[in-house]
Amino acid sequence: MSAPVEAKDVAALGATMRTKHPTRPDPSVAMGEPLLQVRDLRVAYGGIKALKGIDLEVRRGEVVALIGANGAGKTTTLKSIARLLPVASGTITFAGKNLATMTPEALVGAGVSLAPEGRAIFPNLTVLENLELGAYLHRDATAMRETIEDVTRLFPRLGERMKQEGGTLSGGEQQMLAIGRALMARPTMLLLDEPSLGIAPKLVQQIFAAIRAIAAAGVTILVVEQNTKVALSASHRGYVLRTGEIALSGNAKELLQNPEIQKAYLGG
Amino acid sequence: MRVLDALITGLAQGAMIALIALGYTMVYGVLKLINFAHSEIFMMSAFIGLFLITMLGGTEHPLLAGVGGTLMAMVAAALIGMLVERIAYRPLRNRGKSSLVRVTPLVTALGMSVLLQNLAQLMFTARNRSYPQLLTGSLSLGPLSVGTSRVVILLTAVVVMVVLELIVKRTWFGKAMRALSANEEAARLMGINTSRVISATFALGSSLAALGSVLFCLDQSPVHPSLGLVVGTRAFVAAVLGGIGSITGAMLGGLLIGVLGELLKLTSFSGGTDIPAFLVLIVVLLVRPAGLLGSARAEKV
């Protein structure tokens with residue numbers, strides 16, 4: 001059993017996924033309208049400026065990739081949006097709400113879920129328990145059952161390991177679990193931090209096929225990646241970060257063709 | 001026959017120690033903090049239990065006084081536990097990550113322990129107070145005659161541990177508690193209000209200590225302000241022996257220490273019942289640094 005990689009299978013799988021939150025009303029942002037807006041975001045560690053004023057925007061229904069070399073500030077950007085890092089200045093708005101003043105635990109309720117760098121699954125809890133905890137806030141039995149079914153179709157390998165402890169999974173399976181757990185909250189938007197990191201190429205393909213299916217189901221996605229080619233291939237648009245600033249941005253296909261990017265990140 | 005008798009007494013002793021050890025291990029799980037004030041909450045609950053049981057009629061209404069007094073003492077202990085966490089530990093938590101992050105709460109815990117002990121001396125004076133004899137008589141099981149108190153203690157402890165296991169494995173609170181002890185940041189990303197879970201953990205651990213405390217005093221009386229030091233240390237050793245952070249470990253550690261202590265009383269070496277417990281602890285920690293059931297799992301990144 002393996003997840004579908006063909007484009008038409010991905011779209012079909014996405015169409016069957018149930019993504020509506022059981023209680024939270026749908027945000028009043030139409031498809032294609034800006035959902036997440038980051039303006040002049042600045043973050044510093046001690047005296048070192050990690051982000052020197054980032055502007056980025058994700059429209060509803062889009063998959064946007066944030067790419068760049070190690071240390072460019074990709075994870076810092078995502079962690080600031082997820083409220084895991086204090087923001088020095090700038091604004092982060094999501095569906096009209098100001099995220100910058102929220103706690104990380106409030107973010108899930110607002111409709112934003114993060115699958116963090118390094119997966120951060122709960123190793124001594126079973127796969128099923130990990131998934132259940134993703135639904136901690138809504139606890140809706142029907143929504144939980146449906147999303148567990150959906151996640152099992154996205155990642156058949158997880159379905160076979162429901163009773164296993166999360167810590168016994170391989171790196172790729174843990175990544176699948178982290179994404180599945182984030183989906184359990186029925187988010188409007190999914191933040192993915194380096195989903196390909198340290199994972200076998202074959203599983204990377206499966207994970208990105210799943211990301212495309214999740215997007216096809218209507219979930220907006222911002223993905224941070226070092227694997228430029230894979231990330232841009234699955235995205236509508238991309239931003240290239242370089243030493244804490246946006247160096248380039250645009251249509252993902254055009255970025256893939258951009259000679260500068262090919263030279264710097266694609267070894268071309 | 002003496003061995004069998006000692007075994008049953010030891011199991012009852014161990015069950016009480018385990019009830020207290022659970023509080024150490026659960027708080028360590030969620031906060032990575034040894035809550036030294038836990039043994040003083042145990043001692044305080046012994047006094048509170050004594051007053052409540054006396055107030056409710058003592059030996060005149062043994063069932064009402066025993067059950068009612070114990071339950072009310074558990075509620076009181078839960079409140080004290082939450083209060084200690086709120087005023088002593090929580091203000092230290094959101095102070096960023098420095099090398100002192102582990103040391104400061106530890107010193108605070110020691111300070112809190114001394115404070116509570118002195119407070120008890122002030123309020124209750126240092127003299128011994130004896131508990132009403134609610135659980136007298138003995139039951140005969142075949143050729144064996146077992147004190148009623150031992151039977152009550154053992155049965156209560158077994159029921160409580162089964163209920164606790166269900167709470168930890170099946171309820172949202174239990175899952176949140178385990179998630180928090182595995183990875184705090186990830187737990188927050190699930191929407192778990194970590195402060196509330198920590199508070200509830202203190203409440204649960206303290207109420208178990210109160211239960212252990214009242215049972216202990218009903219069995220072997222007198223209450224005095226340094227009770228926490230004597231019994232608390234044994235419970236702490238039990239928690240470490242079983243593997244601190246592991247709930248099953250605390251139960252196992254408590255039972256082991258209880259049985260070991262009683263078996264030793266049968267030998268000529270009856271004076272220092274705590275010595276073998278510590279010896280076993282040292283040996284176990286040399287072989288298994290994480291304790292009998294502790295996890296020393298390296299996280300995959």
At a 4.5 Å cut-off on heavy atoms, which part of R139(A) comes close to chain B: side chain, backbone, both, or neither?
both
Under 4.5 Å from a heavy atom of chain B, the part of L107(A) involved:
neither
Show the nearest heavy-atom pair for residues A182(B) and N124(A), with the distance to one decimal.
CB-OD1, 3.5 Å
Quick one: does I192(B)'s side chain get under 4.5 Å of L133(A)'s, heavy atoms only?
yes
If you count every heavy atom of other residues, nucleotides or ligands that lies below 6.0 Å from R196(B) atom CZ, does the total exceed 12?
no
Report yes if some heavy atom in the side chain of R83(A) is under 4.5 Å from a heavy atom in the side chain of R188(B); otherwise report no.
no
Given V108(A), N130(A), T103(A), the one with more heavy-atom pairs under 4.5 angstrom with chain B than any other is V108(A)
What distance do L125(A) atom CG and R178(B) atom CZ have between them, rounded to the nearest 0.5 Å?
4.0 Å
Nearest 0.5 Å, please: how far is CE in M184(A) from CE in M190(B)?
11.0 Å
Would you please go through residues 166-177 of chain B and name the residues with a non-hydrogen atom below 4.5 Å from one of chain A, in numerical order?
K169(B), W172(B), K175(B), A176(B)
I87(B) CD1: over 12 foreign heavy atoms closer than 6.0 Å:
yes
A186(B) and F122(A): which non-hydrogen atoms are nearest, and at how many Å?
CB-CE2, 3.7 Å
Given a strict heavy-atom distance threshold of 4.5 Å, which part of E117(A) is in contact with chain B: side chain, backbone, both, or neither?
neither
Rounded distance [0.5 Å steps], CG in N193(B) versus OH in Y136(A):
7.5 Å
